[in-house]
Amino acid sequence: MRVDGVWYRTIWPKKDDESVVQIIDQRQLPHEFVVEDIDSVDAMCAAIKDMHLRGAGLIGCAAAYGIYLAVRSAAAEKAPSAASIRARVGAAGVALRATRPTAVNLRVGAERVEVAVEAALASGGSDPAAAAVAAAKAEAARFSDEDAEACRRIGEAGAILLEKIWDRKREGGSSVSEKRVNVLTHCNAGWLAFADWGSALSPVYAAFDKGIPIHVWVDETRPRNQGASLTAWELASHGVPHTVIVDNAGGHLMRSGMVDVCITGADRVTRGGDACNKIGTYLKALAARDNDLPFYVALPSSTIDWQIEDGAEIPIEERCADEVRYAEGMCEEDGKRRKVLLTPRLSPAGNWAFDVTPRRLVTGLLTERGVVGASVAALAEAFPEEAKKVGC
């Protein structure tokens, strides 16, 4: 995507120093656009855990590049051996996997590069360290490219759905105020959450670029306000009409006929179609079902956890209570960021980061292979090569 006319992805090796991986520090958005240098596995772990970057797909890419940084660091030591590189990669994999437990992409990204490194080390070449570095770099880049391409294809599939909604509204003689497709989304599942394009917002961008009149209701998404800060910034940068709303407004808008479709992302989807996403998504799905509205979950296949079928098995991250107790934003008087206390000083807070929407509430899964039913059979038919590995 473009920022002020310049093309960016969300993560990339630094041009003049390949020992550094660069990211967009999302904590600074929407008021500042800051590129941050990551030069070690520890720094990458901190960036993931403290949400300098976030989003299922991007976390996976960050894990992939984290393994690359580990390999590069090990190879730079005096007389590196295959054993020392394996040890460093193993430790890095453990550290990266421990940062955030819910998104399955993190595990997938790390595993992809670990396998590539092991293959390079086992090949028996004259310089195993150099081979391991080259393999890690190439696989991390490949994983990120695949993430971006999958999201682009999700956009194509989703745009067809949005175009059909628009055609029905036109044929139905909608009033002037209704002459647009109203999408409701939760959290941020745009290009900032992936290598590029995004999942839930990719159909929006694709439809908008085709000339379909579209408007997005953007849940603020407490407590970290990824909708208000990140989704709104993305949409504004692309010129897509949107309105930021409080998290609990969605049901009212649906009941009032002001929403045509709900599209969210996901941090993990089971092989049975249960979808784990940012806390509050489940309530949107319930409201959509009560108002006979379609509720789609958009995801690349790297977000599917083929090891589990029941969403109750997904680990739900609990984050620091201070994210609920405090709010942070820019002070208009001096342009500086300020953190303010919202609750009574002694009041405790709970901060569950995700919830699970059961498959019965999901109209369909928007994937790089099109719209797939939220069921074991439908997912196995769409992704037979993965289903075969787990005996589906």
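Numbers for residues simply follow the sequence, beginning at 1. None of these values were measured; they are calculated from a predicted model.
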Is the NE2 atom of His252 crowded by more than 12 outside heavy atoms at less than 6.0 Å? no
Whether the Asp219 and Thr221 side chains hold a donor-acceptor pair (N or O, under 3.5 Å, no angle test) is what I'd like checked. no
Would you find a donor on one side and an acceptor on the other, under 3.5 Å apart, between the side chain of Glu323 and the backbone of Asn351? no
Evaluation steps, salt bridge (Lys or Arg N to Asp or Glu O under 4.0 Å), between Arg142 and Glu139: CA-CA 5 Å; Arg142 186 178 298 111; Glu139 192 62 26; 2.3 Å; yes
Would Arg289 and Phe295 count as a side chain to side chain contact (heavy atoms under 4.5 Å, CB included) if you check the C-alpha gap in whole Å, the side-chain angles of each, and the deciding distance to 0.1 Å? CA-CA 8 Å; Arg289 173 57 61 90; Phe295 183 92; over 6 Å; no
Using a cut-off of 6.0 Å, state whether more than 12 heavy atoms not belonging to Glu333 lie near its atom CD. no
Give a yes or no answer on whether the side chain of Arg271 reaches the backbone of Ala380 with a donor-acceptor pair at less than 3.5 Å. no
For the residue pair Phe33 and Trp233, does the interplanar ring angle fall in the parallel (under 30°), tilted (30 to 60°) or perpendicular (over 60°) class? parallel
Could you walk me through whether Ile212 and Val181 pass the side chain to side chain contact (heavy atoms under 4.5 Å, CB included) check? CA-CA 8 Å; Ile212 297 170; Val181 177; 4.2 Å; yes
What do you reckon, is NZ of Lys14 surrounded by more than 12 foreign heavy atoms closer than 6.0 Å? yes
Test item: Arg319 side-chain N/O and Ala353 main-chain N/O as donor-acceptor pair under 3.5 Å: no
With Glu36 as partner, the option from His52, Gln28, Gln26 fulfilling side chain to side chain donor-acceptor pair (under 3.5 Å) is His52
Are the side chain of Trp217 and the backbone of Met258 linked by a donor-acceptor contact shorter than 3.5 Å? yes
Can you tell me how far the CG atom of Asp260 sits from the CG atom of Leu161, to the nearest 0.5 Å? 12.5 Å
Do Glu386 and Lys389 meet the salt-bridge criterion of a basic N to acidic O distance under 4.0 Å? yes
Approximate separation, where rounding is to 0.5 Å, of Thr264 OG1 and Asn188 CG: 12.0 Å
Among Arg337, Lys339, Arg338, find the residue that satisfies the side chain to side chain donor-acceptor pair (under 3.5 Å) test when tested with Glu328. Arg337
Residues Pro344 and Arg325: closest non-hydrogen pair is O-NH2, 3.9 Å
Side chain of Lys169, backbone of Arg180: donor and acceptor closer than 3.5 Å? yes
Under a single-linkage definition using a 4.5 Å side-chain heavy-atom cutoff for Ile, Leu, Val, Met, Phe, Trp and Tyr, are Leu342 and Ile279 assigned to the same hydrophobic cluster? no
Taking the side chain as everything from C-beta on, heavy atoms only, tell me whether Ser40 gets closer than 4.5 Å to Leu69. no
Would a distance-only check, ignoring hydrogens and angles, find a side-chain to backbone donor-acceptor pair under 3.5 Å from Asp355 to Gly280? yes
Should the heavy atoms of other residues, nucleotides or ligands under 6.0 Å from CG of Asp4 be counted, would the total exceed 12? no
Could you grab the distance from atom CG of Leu299 to atom CD of Glu368, nearest 0.5 Å is fine? 7.5 Å
Any donor-acceptor pair under 3.5 Å linking the side-chain atoms of Asn182 with those of His215? yes
Counting only N and O atoms by type, is there a donor-acceptor contact under 3.5 Å from the side chain of Asn291 to the main-chain atoms of Leu293? no
Show the nearest heavy-atom pair for residues Pro80 and Ala75, with the distance to one decimal. CG-O, 3.4 Å
Any side-chain heavy-atom pair of Leu162 and Ile263 under 4.5 Å: yes
Would you say Leu29 and Val218 are hydrophobically clustered, going by side-chain heavy atoms of ILVMFWY under 4.5 Å? yes
Option among Asn277, Thr367, Asn105 that satisfies the side chain to side chain donor-acceptor pair (under 3.5 Å) test with Thr303: Asn105
Would you say Glu234 and Val204 make side-chain contact, with heavy atoms under 4.5 Å? no
With the side chain counted from C-beta on, respond yes when Pro223 and Tyr326 share a heavy-atom pair under 4.5 Å apart, and no when they do not. no
Cluster question for you: counting only ILVMFWY and a side-chain heavy-atom cut-off of under 4.5 Å, with indirect links fine, are Val133 and Leu121 together? yes
Nearest non-hydrogen partners of Ala157 and Leu366, listed with the distance: C-CD2, 4.4 Å
Drop me the distance from Tyr8's OH to Ile23's CD1, to the nearest 0.5 angstrom. 13.5 Å
For the side chain of Thr102 and the backbone of Pro315, is there at least one donor-acceptor N/O pair under 3.5 Å apart? yes
I would like to know whether Arg72 and Glu18 meet side chain to side chain contact (heavy atoms under 4.5 Å, CB included); could you show each step before the answer? CA-CA 9 Å; Arg72 192 172 183 90; Glu18 292 192 346; 4.1 Å; yes
Between Asp267 and Arg100, is any pair of side-chain heavy atoms under 4.5 Å apart? no
State, to 0.1 Å, how close Leu379 and Trp306 come at their nearest heavy-atom pair, and which atoms those are. O-CH2, 3.6 Å
Euclidean distance, Tyr282 OH relative to Thr357 OG1, rounded to 0.5 Å: 8.0 Å
Grab the two heavy atoms, one from Ala63 and one from Ala110, that are nearest each other, plus how far apart they are. CB-N, 4.0 Å
Given the rule in the side chain to side chain contact (heavy atoms under 4.5 Å, CB included) test, do Met254 and Cys262 qualify, once you have shown the distances and angles that lead to the verdict? CA-CA 10 Å; Met254 293 182 211; Cys262 299; 3.6 Å; yes
For the pair Arg369 and Glu385, find out whether any cationic side-chain nitrogen is under 4.0 Å from an anionic carboxylate oxygen. yes
Are Arg222 and Glu220 within salt-bridge range, i.e. N to O under 4.0 Å? no
Gap between atom CD of Glu118 and atom CZ of Arg86 - 0.5 Å precision: 4.0 Å
Phe194 and side chain to side chain contact (heavy atoms under 4.5 Å, CB included): which partner among Pro300, Ser202, Ser302? Pro300
Is it true that Glu156 and Arg152 have a side-chain N and a carboxylate O under 4.0 angstrom from each other? yes
Exam field: side chain Thr281 to backbone Lys278, donor-acceptor pair closer than 3.5 Å: yes
Treat each ILVMFWY residue as a node, draw an edge where side-chain heavy atoms are under 4.5 Å apart, and state whether Ile154 and Val240 are in one component. yes
Looking only at non-hydrogen atoms, find the nearest pair between Ala141 and Tyr65 and report the distance. CA-OH, 3.5 Å
Common cluster, Val21/Ile48, ILVMFWY with side-chain heavy-atom separation under 4.5 Å: yes
Sub-3.5 Å donor-acceptor pair from the side chain of Arg107 to the main-chain atoms of Arg97, do we have one? no
Hey, mind stepping through Lys164 and Asp167 against salt bridge (Lys or Arg N to Asp or Glu O under 4.0 Å) and telling me if it holds? CA-CA 5 Å; Lys164 288 180 178 177; Asp167 288 342; over 6 Å; no
pair Leu53-Thr10: side-chain heavy atoms closer than 4.5 Å: no
Heavy-atom count around Asp145 CG within 6.0 Å, excluding the residue itself: above 12? yes
